[in-house]
Amino acid sequence: MRKILLFLFAVLMLGVGYMALINSQMPPVEVPDLRQDPIYTTYSSDELGFLFEYRLAPDGYVLEEREPSDSDASTLQKTLILMQVEDSLQEMPEGGEGPAVISISIFENSKKQFPQTWADENLAHSNVNLVMGEISEAVVGGANAIRYMADGLYASENVVVAHGDNIYVITGQYLDESSTLRQDFAPLLESIAFIPEPGQEE
């Protein structure tokens with residue numbers, strides 16, 4: 001009986017040694033750390049004439065495209081809403097206000113108005129009447145723009161860009177200066193590029 005036990009123990013030790021040898025020869029599996037390596041994706045639309053990047057993970061965003069309602073008599077073509085994933089999973093209160101978001105609204109600009117002129121004539125969409133501080137001139141994706149802070153349910157950073165036949169109103173809402181939405185607004189803005197129309201030189 002003792003010999004059998006010694007034999008089984010020897011076989012067990014040989015098995016453990018063999019497995020250790022195999023594992024030592026296998027390269028370690030690298031698990032990506034999403035906190036260190038954020039994942040981005042690109043939204044691109046030939047119809048709307050532009051593209052931009054936004055973060056999917058970690059703590060990324062869900063993008064929703066909203067068409068203008070039938071009752072909307074403005075020149076609004078489409079609104080893109082970027083909502084944080086954690087907010088998108090929560091049930092929205094009926095009749096209540098939703099969470100802070102980053103939004104991009106695209107309007108027809110058949111009059112070829114400059115950003116400031118358009119903003120002054122479209123207060124309901126630009127919120128330039130709620131401006132806090134100064135309105136400054138800017139360049140976004142090579143196009144003329146104005147940039148300003150506005151007050152409201154949420155404080156917001158606003159950029160109005162004129163390019164081609166469109167006006168792009170880009171708004172980043174936030175609860176406080178340290179919020180993720182506030183921090184992600186500038187990189188999104190910097191990633192914006194306009195898509196040349198067919199036959200148009202870049």
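Since the model is a prediction, treat every value here as computed from it, not as a measurement.
To the nearest 0.5 angstrom, Asp46 atom CG is 5.0 Å from Ile195 atom CD1. Within the model, atoms CD1 of Ile135 and CD1 of Ile146 stand 5.5 Å from one another, a figure rounded to the nearest 0.5 Å. Interatomic distance, CD1 of Ile106 versus CD of Glu47, reported as 9.0 Å (0.5 Å rounding). Rounded to the nearest 0.5 Å, atoms CH2 (Trp118) and CG (Asn166) are 11.0 Å apart. The OG atom of Ser156 sits 8.0 Å away from the CG atom of Asp151 when rounded to the nearest 0.5 Å. The structure places OG of Ser44 at 11.0 Å from CD of Glu53, a figure rounded to the nearest 0.5 Å.
The shortest side-chain heavy-atom distance between Leu82 and Val62 does not fall under the 4.5 Å cut-off. Glu108 places a side-chain heavy atom less than 4.5 Å from the side chain of Gln77. Taking the side chain as every heavy atom from C-beta outward, Ile167 and Val161 never approach each other to under 4.5 Å. Ile81 has its side chain out of reach of Leu63: every pair of non-hydrogen atoms, C-beta onward, lies at least 4.5 Å apart. Side-chain contact check for Tyr61 versus Thr180: some heavy-atom pair is nearer than 4.5 Å. For the pair Gln173 and Ile102, the minimum side-chain heavy-atom distance is 4.5 Å or more. Counting only heavy atoms from C-beta outward, the side chains of Leu188 and Ile104 approach each other to under 4.5 Å.
Nearest heavy atoms, Ala143 versus Phe194: CB-CE1, 3.8 Å. When all heavy atoms of Met132 and Ala150 are compared, the closest pair comes out as CE-O, 3.6 Å. Nearest heavy-atom pair across Tyr174 and Met149 is OH-CE, 2.8 Å. Across Ala162 and Asn109, no two heavy atoms sit closer than the pair CB-ND2, 4.4 Å. Looking at every heavy atom in both residues, Ile170 comes nearest to Ile192 through CD1-CD1, 3.5 Å.
Ring-centre distance between Phe52 and Tyr43: below the 6.0 Å cut-off. Aromatic rings of His163 and Phe50 (six-membered ring for Trp) have centroids beyond the 6.0 Å cut-off, not under it. Residues Tyr54 and Phe185 place their aromatic rings such that the two centres sit no closer than 6.0 Å.
In this structure, Glu137 does not pair ionically with Arg147, as no charged nitrogen and carboxylate oxygen lie closer than 4.0 Å. In this structure, Arg182 does not pair ionically with Asp176, as no charged nitrogen and carboxylate oxygen lie closer than 4.0 Å.
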Under the side-chain hydrogen bond (donor to acceptor under 3.5 Å, both in side chains) rule, what do Thr79 and Ser105 come out as? Steps first, then yes or no, please.
CA-CA 4 Å; Thr79 298; Ser105 295; 3.2 Å; yes
Would Asp165 and Lys112 count as a side-chain contact (heavy atoms from CB on, under 4.5 Å) here? Give the steps.
CA-CA 7 Å; Asp165 295 328; Lys112 303 288 186 183; 2.3 Å; yes
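Glu121 and Gln113 share a donor-acceptor pair across their side chains, judged by distance under 3.5 Å alone.
Applying side-chain contact (heavy atoms from CB on, under 4.5 Å) to Tyr154 and the options Leu175, Leu181, Thr171 leaves one that passes, Leu175.
Residue Gln183 places its CD atom among more than 12 non-hydrogen atoms of other residues, nucleotides or ligands, all under 6.0 Å distant.
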